[in-house]
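Structure first, commentary second.
Worth saying up front: this structure is predicted, and the values here are computed from it rather than measured. Because only heavy atoms are used, hydrogens play no part in the values below, and waters and symmetry mates are left out as well, while side chains stay in.
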Amino acid sequence: MSTDDNKNIARRFIEEVMAGGKMDAVDSLVTADFRPHSWGNMPAGTAAFKQAMKRVAAGLSDTRMIIEDMIAEGDKVAVRLTAHGVHKGEFMGMKPTGKAYTIPEIHIFRIQGGKISEHWREADMLGMMQQLGALPQPQKKAS
């Protein structure tokens, strides 16, 4: 597969699965032994990943992911994006606040045989929690 093919697979995953919540797209875009490295202590495979995505979808709405940069080399694709959502249901143990968040994220995908086999994610979770009201906002220094 070309790097352009790999980028297309990563883009579809972000748009269809992560932002769109289309669980039927998971099976066509990821391998049966898919390993989501940044999702806590989650076993490999699609079943656990789908359950995690359903929990996220129950807690967040109006999810949008705007791809800012996408770089591919070999079997890996790196994506820098801006994520937005609204806290509508229980999320990470927090009761719904109705507040919105916008944070930067970086995703790295490993593509094998036309499907994503591994995924890593770094996101500004501190910024997200501050925007949702779970943590205090940083104080601005007086001049």
Side-chain angles (χ1 to χ4, degrees), residues 1 3-141:
M1 303 216 55
T3 54
D4 284 339
D5 292 333
N6 289 347
K7 286 168 137 181
N8 187 48
I9 292 164
R11 180 181 311 279
R12 285 188 57 210
F13 183 84
I14 290 166
E15 292 173 355
E16 295 176 31
V17 177
M18 299 194 79
K22 297 178 183 172
M23 290 302 106
D24 56 329
V26 172
D27 295 322
S28 66
L29 291 171
V30 305
T31 60
D33 62 347
F34 172 70
R35 293 181 50 211
H37 294 283
S38 306
W39 289 70
N41 191 16
M42 187 185 320
T46 59
F49 178 71
K50 286 179 184 179
Q51 287 299 322
M53 289 300 298
K54 286 178 185 175
R55 285 191 302 274
V56 170
L60 303 175
S61 68
D62 193 27
T63 305
R64 294 187 309 270
M65 294 185 158
I66 300 164
I67 296 172
E68 310 289 352
D69 289 303
M70 186 176 285
I71 302 165
E73 183 176 337
D75 64 354
K76 292 213 174 113
V77 178
V79 180
R80 182 179 66 87
L81 58 82
T82 301
H84 171 83
V86 176
H87 184 207
K88 68 165 187 163
E90 186 170 319
F91 179 70
M92 297 177 64
M94 283 188 342
K95 300 284 185 216
T97 63
K99 294 181 178 181
Y101 70 90
T102 301
I103 60 169
E105 297 185 6
I106 295 176
H107 296 257
I108 300 174
F109 301 93
R110 183 169 181 220
I111 316 288
Q112 292 184 304
K115 292 187 174 189
I116 298 169
S117 62
E118 296 182 80
H119 174 243
W120 296 263
R121 174 181 154 257
E122 293 295 328
D124 181 9
M125 298 306 287
L126 174 61
M128 176 192 240
M129 292 296 128
Q130 288 172 328
Q131 291 173 55
L132 296 181
L135 297 171
Q137 293 283 341
Q139 298 295 315
K140 295 182 180 174
K141 293 181 182 181

Going through the checks in order, is the side chain to side chain contact (heavy atoms under 4.5 Å, CB included) test met by I9 and R12?
CA-CA 5 Å; I9 292 164; R12 285 188 57 210; 5.8 Å; no
Take T46 and V30, measure what side chain to side chain contact (heavy atoms under 4.5 Å, CB included) needs, and give me the verdict at the end.
CA-CA 8 Å; T46 59; V30 305; 3.4 Å; yes
With side chain to side chain contact (heavy atoms under 4.5 Å, CB included) as the criterion, how do F109 and R121 come out once you've worked through the C-alpha distance, each side chain's angles and the decisive distance to 0.1 Å?
CA-CA 9 Å; F109 301 93; R121 174 181 154 257; over 6 Å; no
Pair L29, E16 - check side chain to side chain contact (heavy atoms under 4.5 Å, CB included), show working.
CA-CA 10 Å; L29 291 171; E16 295 176 31; 4.2 Å; yes
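The CZ atom of F49 sits 7.0 Å away from atom CE of M42, with the distance rounded to the nearest 0.5 Å. Q131 contributes atom CD, which lies 10.0 Å from atom CG of L126 (distance to the nearest 0.5 angstrom). In this structure, the separation between NZ on K115 and CG on N6 is 14.0 Å, given to the nearest 0.5 Å. We find the CD-CG distance between E105 and D124 to be 9.5 Å, quoted to the nearest 0.5 Å. We find the CD1-CD1 distance between I14 and I67 to be 4.5 Å, quoted to the nearest 0.5 Å. Considering OG of S38 and CD1 of I106, their distance stands at 11.5 Å, rounded to 0.5 Å.
Remark: I66 pairs with E68 by the side chain to side chain contact (heavy atoms under 4.5 Å, CB included) rule, at least two apart or across chains. In this structure E122 satisfies the side chain to side chain donor-acceptor pair (under 3.5 Å) test with no other residue, sequence neighbours excluded. Taking T102 as the reference, H84 meet the side chain to side chain donor-acceptor pair (under 3.5 Å) condition, with sequence neighbours excluded.
Within the 4.5 Å cutoff, the side chain of I71 has no heavy atoms near those of the V77 side chain. Looking at heavy atoms from C-beta onward, T82 lies out of side-chain contact with P104 at the 4.5 angstrom threshold. Using a 4.5 Å cut-off on side-chain heavy atoms (C-beta onward), K88 and L60 make no contact. Side-chain contact between M125 and M92: present, with at least one pair of heavy atoms (C-beta onward) separated by less than 4.5 Å.
The list of salt bridge (charged side-chain N to carboxylate O under 4.0 Å, His left out) pairs with a residue in residues 48-61, not counting sequence neighbours, reads D27-K50. Sorted by first then second residue, the side-chain hydrogen bond (donor to acceptor under 3.5 Å, both in side chains) pairs that include residues 89-99, not counting sequence neighbours, are H87-T97.
Nearest heavy atoms, I103 versus G127: CG2-C, 4.2 Å. Between A10 and I116, the shortest heavy-atom distance links the atoms CA-CD1, 4.5 Å. Of all heavy-atom pairs spanning T3 and A72, the tightest one is CB-CB, 3.7 Å.
Taking a cutoff of 4.0 Å between a charged side-chain nitrogen and a carboxylate oxygen, D5 and K7 do not qualify as a salt bridge.
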Would you mind writing out the side-chain donor-acceptor pairs for residues 17-24 within the sub-3.5 Å range, not counting sequence neighbours?
none

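Considering R110, H107, R35, H37 in turn, H107 is the only one that fulfils the side chain to side chain donor-acceptor pair (under 3.5 Å) rule with H119.
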